[in-house]
Amino acid sequence: MSWAAHDLEPYAIQRHLGGKVAIVPLLLGSYAPDIATKWFVYGIEVFGIELKADSPMEFHRGWPGVGFTHSLAFGVALAAIVLLLTRSRVWAISLLIGQWAHAITDVGDTAGSMLFFPFTTERVAVGAWVYAGEAGRYLDAAAYFSGLGFVWDGVWLAYGLLSWRVLTRAYFRETIVPADGFWSWLGRYLPETALLALYRAPFFYGATRWVAWLLWAHVLHDYPFDLSWGGPHWIEPGG
Amino acid sequence: MPGAGGSDRAPEPAGRRRDGRPESRAAAPDAVAPAAPDEGRRTLALYLAAAVVYITLGVFVPEVLFSSLVGIAYLLLAVWVVPALVARVR
């Protein structure tokens, strides 16, 4: 589980692939594995009834469960559907790259991803930081921003800031807009200031929440840092 | 974001006009023109101010940090809607 990398990685990919990819499907692909399932991991209350997975980690990353959304094959399936529907190779490839980036990034925690589903339900896990989804979202955030997870996100944030030209108006006009007709279509309804805000928003969201969660966990609260492998060890891993 | 700007001119599809004919740069000289330095600095300051407010809000009301849709809506408000309203009032 990553808290900011899924917002930031698409901009790093964008920097390297330029007009060969489109940022909207890159971002959609990057969000796709969690987009419809994360609420059930942490649980929500509807009319006094709590809806939550019995085993959040198994539900989120396992089988039976929705762990297949973190497989490479799921990205291929999504890309194939998008190609059929839109006939856009750029959209299909961008979605595939974004989804693969998410699935591979989540290999970093103790739960790992079923990368090679449906050929195997074995999860590939590097185990650098703890998966603590079963502890609820606040404790999960506290744990993530106390271990190597936040360092991993920090690498992407630093890389994104070094790639600041990707966020400029000139880059938007010269590379982002020509690569994807979506922006020209949206430009009929919104001014460029709004288009730029939309384009930059995921990066803004990833960067600011990274700072905010760090301050919340270590300034407002006093969760101890533990940068050891698989840490922090003050919380039980869900994996 | 150095070089970023706040023009309200929506971009055209690259190399094409609305009528589908190819467009030369000479026909739309400001389409790729760099933002004025002051404009870029002003935009950067606006985004930084928005970031400081969002981070402060997030630290004390972390609920706002969970939804990317909230984050996107906030940025649209902070750097587009509110400045446009302020400009209109002035």
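Values below: every heavy atom of this structure, side chains too, minus hydrogens, waters and symmetry copies. Proteins come first, then strands; the chains are lettered A, B, ... in the order of their sequence lines, and each starts at number 1.
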Q: Tell me the residues of residues 65-75 of chain B whose non-hydrogen atoms fall below 4.5 Å from those of chain A, in number order.
A: B/L65, B/F66, B/S67, B/S68, B/G71, B/I72, B/Y74, B/L75
**Q.** Most contacts with chain A, counted as non-hydrogen pairs under 4.5 angstrom, among B/V81, B/L76, B/V52
**A.** B/L76
Q | Side-chain donor-acceptor pair present, A/H60, A/Y131, cut-off under 3.5 Å | A | yes
(Q) Hydrogens and angles aside, do A/E9 and A/S30 bring a side-chain donor and acceptor to less than 3.5 Å of each other? (A) no
**Q.** Part of A/W3 lying under 4.5 Å from any heavy atom of chain B
**A.** side chain
**Q.** Option that, when pairs with chain B are counted at under 4.5 Å, heavy atom only, ranks first among A/W213, A/Y189, A/W216, A/Y31
**A.** A/W213
Q: Assess whether side-chain hydrogen bond (donor to acceptor under 3.5 Å, both in side chains) is satisfied between A/Y138 and B/E63, documenting all intermediate values.
A: CA-CA 9 Å; A/Y138 284 101; B/E63 201 66 27; 2.6 Å; yes
Q) Can you check whether A/F203's main-chain N or O pairs, donor with acceptor, with A/D7's side chain at less than 3.5 Å? A) no
Q: Might you work through the side-chain hydrogen bond (donor to acceptor under 3.5 Å, both in side chains) test for A/Y171 and A/Q14, ending with a clear yes or no?
A: CA-CA 11 Å; A/Y171 187 90; A/Q14 178 65 57; 3.2 Å; yes
Q. Is the backbone N or O of A/G19 less than 3.5 Å from a side-chain atom of A/T175, with the two atoms forming a donor-acceptor pair by type?
A. no
Q) Between the side chain of A/W183 and the main-chain N/O of A/D180, is any donor-acceptor distance below 3.5 Å? A) no
Q) Is the NZ or CZ atom of A/R200 positioned over A/F172's six-membered ring, under 6.0 angstrom from the centre and within 45° of the axis? A) no
(Q) Tell me whether A/R169 is salt-bridged to B/E39, with the criterion being a basic N under 4.0 Å from an acidic carboxylate O. (A) yes
Q: Considering only heavy atoms and a distance below 4.5 Å, find which of A/V219, A/V211, A/L214 pairs most often with chain B.
A: A/V211
Q) Using 4.0 Å as the upper bound for N to carboxylate O, is an ion pair formed by B/D38 and B/R41? A) yes
Q.
Are A/H218 and A/F225, when compared by the centres of their aromatic rings, separated by less than 6.0 Å?
A. yes
Q | chain A contact residues among residues 82-90 of chain B, heavy-atom distance under 4.5 Å | A | none
